[in-house]
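Reading through the structure tokens given below for one structure.
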Amino acid sequence: MTERIDTEPVDMLTGEDEQEGRRSADSSERAYNTIRKLLIEFKLKPDERLNEVQLSRSLGVSRTPIREALNRLASEGFVSLTPNRGFFVRSLSTEGLIDLYELRSIIECAAFRLMCERADDAQIARLTAYWADIVDGYQNNPPDEILIKDERFHLLIAELSGNPELANQLAAINARIRFIRRIQIERTHDPRQVSSHSEIVAAAVRRDAERGMQLLRDHIEMTVSATQDALKDALLKVYTATDSGVPGRRRRSAKER
């Protein structure tokens with residue numbers, strides 16, 4: 001009897017712990033979705049320091065879920081963490097963007113070549129099956145879904161290269177450009193991207209490394225151009241909204257200009 005009495009409180013505490021864990025996870029997820037939406041809609045401005053206390057109050061959750069959400073957003077490239085200073089909204093700048101896309105192109109082309117050399121037919125079939133599963137209606141997906149599916153497509157090629165470091169490096173680059181790519185996809189998604197993916201898969205099936213690498217270079221260059229345009233629009237949107245929203249600031253007339 002004593003053993004049974006001792007066991008019951010432990011079970012009850014375990015159940016309470018599990019319930020508390022679920023509540024914490026729900027709060028963290030809600031904070032993540034809300035803050036991410038604010039970032040995408042530019043309600044939080046580039047380079048702005050994120051006040052965890054204010055976010056905690058406005059969202060009605062403790063600081064722990066806020067911190068968990070911000071760490072997750074930092075891993076995705078939406079915000080940056082500066083030691084001893086806190087979290088900041090990701091800066092919108094063309095500086096370094098081209099370098100990252102060049103590195104992405106180098107990694108993906110190397111991965112495609114190695115995939116053609118090393119992957120067996122069953123592994124190539126994984127790429128074919130993945131694209132066949134998502135191609136219908138791909139263009140009509142919400143921006144978040146398009147971004148996720150696109151990243152998985154390219155990461156799968158890296159994984160099939162047989163070199164895990166290529167996949168790790170590509171994942172790291174994706175995290176750094178994800179924020180601006182999300183803006184670009186929401187602004188416009190070139191329908192040529194769909195046919196480009198299909199041609200890349202066809203080259204993989206033929207194990208035509210040279211053709212596949214050229215397709216990837218063209219594909220990424222297409223994305224770079226669209227991303228640069230999206231960045232310009234985003235900056236205009238952000239700073240126009242900021243200027244018009246400053247109390248007491250008067251727009252100059254044509255004569256004053």
Side-chain angles (χ1 to χ4, degrees), residues 10-97 99-100 103-104 141-152 154-155 164-165 167-186 227 230-231 234-235 237-239 241-242 245-246:
V10 173
D11 290 341
M12 290 174 64
L13 286 173
T14 300
E16 289 174 359
D17 288 343
E18 289 177 353
Q19 188 174 10
E20 181 63 28
R22 284 195 296 270
R23 281 199 296 266
S24 177
D26 290 344
S27 296
S28 178
E29 186 70 18
R30 181 162 61 87
Y32 166 81
N33 289 326
T34 302
I35 297 171
R36 188 172 186 270
K37 187 172 187 292
L38 292 172
L39 289 164
I40 290 171
E41 295 178 351
F42 301 108
K43 300 293 177 61
L44 298 170
K45 306 303 181 188
D47 298 314
E48 178 181 343
R49 185 176 183 278
L50 296 169
N51 189 312
E52 294 179 40
V53 175
Q54 289 182 353
L55 287 170
S56 175
R57 289 173 180 167
S58 63
L59 299 183
V61 298
S62 68
R63 289 185 64 181
T64 298
I66 296 295
R67 174 59 66 95
E68 290 172 349
L70 291 175
N71 275 316
R72 183 176 169 188
L73 288 163
S75 72
E76 295 177 349
F78 281 85
V79 302
S80 59
L81 174 60
T82 303
N84 301 319
R85 294 189 64 200
F87 292 93
F88 290 80
V89 178
R90 179 73 177 271
S91 176
L92 288 180
S93 171
T94 56
E95 184 179 353
L97 183 64
D99 292 341
L100 286 171
L103 182 57
R104 178 188 169 194
N141 280 305
D144 285 337
E145 281 297 311
I146 291 176
L147 180 56
I148 290 170
K149 290 176 179 178
D150 181 78
E151 284 189 358
R152 285 177 180 169
H154 292 274
L155 195 57
E165 285 304 317
N168 291 338
Q169 290 300 315
L170 181 57
I173 292 172
N174 284 340
R176 295 177 66 183
I177 63 176
R178 186 173 292 128
F179 181 36
I180 191 61
R181 283 208 64 206
R182 173 60 175 76
I183 296 169
Q184 173 252 312
I185 291 172
E186 185 169 36
T227 300
L231 182 57
L235 289 168
K237 179 178 179 181
V238 169
Y239 293 111
T242 301
V246 175

_Audit row: N168, E165, side-chain contact (heavy atoms from CB on, under 4.5 Å) steps and yes/no_ = CA-CA 5 Å; N168 291 338; E165 285 304 317; 3.6 Å; yes
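- To the nearest 0.5 Å, atoms CG (L103) and CD (Q169) are separated by 7.0 Å.
- Partners of E48 according to the side-chain hydrogen bond (donor to acceptor under 3.5 Å, both in side chains) rule, which considers only residues two or more places apart in sequence or in another chain, do not exist here.
- The line from CG of L50 to OG of S80 is 8.5 Å long, rounded to the nearest 0.5 Å.
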Please tabulate, one pair per line, all N/O donor-acceptor pairs under 3.5 Å involving side-chain atoms of residues 56-63, not counting sequence neighbours.
unit_1, atom_1, unit_2, atom_2, d
S56, OG, V61, O, 2.4
S58, OG, Q54, O, 3.1
S58, OG, L55, O, 3.1

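- Atom CG of L73 sits about 12.0 Å away from atom CG of L81, to the nearest 0.5 Å.
- Applying the side-chain contact (heavy atoms from CB on, under 4.5 Å) rule to R104 yields the partners Y101, E108, D150, H154, L170, I173, I177, R181, I220, T223; only residues at least two apart in sequence or on another chain are considered.
- Of the inter-residue distances, the one linking K45 atom NZ with L39 atom CG reads 11.0 Å to the nearest 0.5 angstrom.
- Within the structure, ring pair (Phe, Tyr, Trp, His ring centres under 6.0 Å) pairs that include any residue of residues 47-83 comprise F78-F179 (at least two apart or interchain).
- In this view, R67 and E52 satisfy the salt bridge (Lys or Arg N to Asp or Glu O under 4.0 Å) rule, not counting sequence neighbours.
- Formation of a donor-acceptor pair under 3.5 Å by the R30 side chain with backbone atoms of P65 is not found in this model.
- Annotation: side-chain contact (heavy atoms from CB on, under 4.5 Å) contacts of R152 (sequence neighbours excluded): Y130, I148.
- How far CD1 of I35 is from CG of L70: 4.5 Å, rounded to the nearest 0.5 Å.
- Partners of D144 under the side-chain hydrogen bond (donor to acceptor under 3.5 Å, both in side chains) rule, at least two apart in sequence or in another chain, are R36, R182.
- A74 pairs by the side-chain contact (heavy atoms from CB on, under 4.5 Å) definition with V79, F87, not counting sequence neighbours.
- Heavy atoms only, all atoms of each residue included: A31 and I66 are closest at CB-CD1, 4.0 Å.
- Nearest heavy-atom pair across A69 and S28 is CB-O, 3.9 Å.
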